[in-house]
Amino acid sequence: MNDVQRHRRPAIWLGAGFPLLVTVVAVGLQLSWWGDLPDPIAVHWTGNTVDGFGSKVMVPWATAILALVFPLIMTVAVLAALDRGSRGPNLRFMISVAASFAVIMATLLTGSLYIQRGLVDAADAGSIGPVVLASVVGGVVAGVIAWFLQPRQETV
């Protein structure tokens, strides 16, 4: 395996494949809860209080765009740099951020729907705090794991 392949494969799997898997699982969960969600749903909180509402249709779309498209854009940029011969921890970091961002956004958006399951009025949704905490912790864990699953890169 040549040097380019040694760096490209993990970048593709972690920066594109993993976000795709996370997005498919998140959107699948969201759609499986469709009938149990109020409409409109809560989309914004200030502290423990819901203060913004929107259509539940927007959440699967937002998940797909944020948890998949943004990491794919980062991954394409990294692959282009690798193909040009660039190497360095910054490229490794970008792939880690792509994996992390996918988990953060998928968890945040899916979790925001999870806490609204079974409600008649989205204004009765509880605090979003535990969902935010879970998304940040999950994102950090995913990013650290992605970092260590990639080969070291000397700066070129």
Can you confirm whether more than 12 heavy atoms, excluding those of [X], are under 6.0 Å from its [atom1] atom?
X    : atom1 : answer
W13  : CH2   : no
Y114 : OH    : no
W61  : CH2   : no

Mind checking the [atom1]-[atom2] spacing from [X] to [Y]? Nearest 0.5 Å is all I need.
X    : Y    : atom1 : atom2 : result
L113 : L119 : CG    : CG    : 11.0 Å
F53  : H44  : CZ    : NE2   : 12.0 Å
D39  : I41  : CG    : CD1   : 7.5 Å

Side chain to side chain contact (heavy atoms under 4.5 Å, CB included), that's the test. Do I145 and V141 meet it? Break it down for me. CA-CA 6 Å; I145 290 171; V141 169; 3.7 Å; yes
Could you check whether any side-chain heavy atom of [X] comes within less than 4.5 Å of a side-chain heavy atom of [Y], counting everything from C-beta outward?
X    : Y    : result
M105 : T63  : no
I95  : L91  : no
L108 : V132 : yes
P60  : V27  : yes

Strictly distance-based, threshold 3.5 Å: is any side-chain N or O of [X] a donor or acceptor partner for the main-chain N or O of [Y]?
X    : Y    : value
K56  : W34  : yes
S100 : G143 : no
R6   : P151 : no
Q116 : P38  : no
R87  : L82  : yes
S32  : L29  : yes
T110 : T107 : no

hydrophobic_cluster_shared for [Y] and [X], side chain cutoff 4.5 Å:
X    : Y    : result
M94  : V103 : no
V131 : W45  : yes
L31  : V57  : yes
V50  : V120 : no
W33  : M58  : yes

Least distance between heavy atoms, [X] atom then [Y] atom:
X    : Y    : answer
W147 : F93  : CZ3-N, 3.6 Å
T75  : A98  : OG1-CB, 4.3 Å
V22  : A106 : CG1-CB, 3.4 Å
I115 : G126 : CD1-O, 4.0 Å
A142 : F18  : CB-CE2, 4.3 Å
A102 : P71  : CB-CG, 4.1 Å

By salt bridge (charged side-chain N to carboxylate O under 4.0 Å, His left out) - contacts of R8 (at least two apart): D83
One pair to check against side chain to side chain contact (heavy atoms under 4.5 Å, CB included): V136 and I104. What are the steps and the verdict? CA-CA 6 Å; V136 170; I104 289 170; 5.5 Å; no
Which residue pairs satisfy the side chain to side chain donor-acceptor pair (under 3.5 Å) criterion with at least one member in residues 119-133, sequence neighbours excluded? N48-S127
Would you sort out whether H7 and Q150 count as a side chain to side chain contact (heavy atoms under 4.5 Å, CB included), showing the intermediate values? CA-CA 7 Å; H7 293 289; Q150 296 175 79; over 6 Å; no
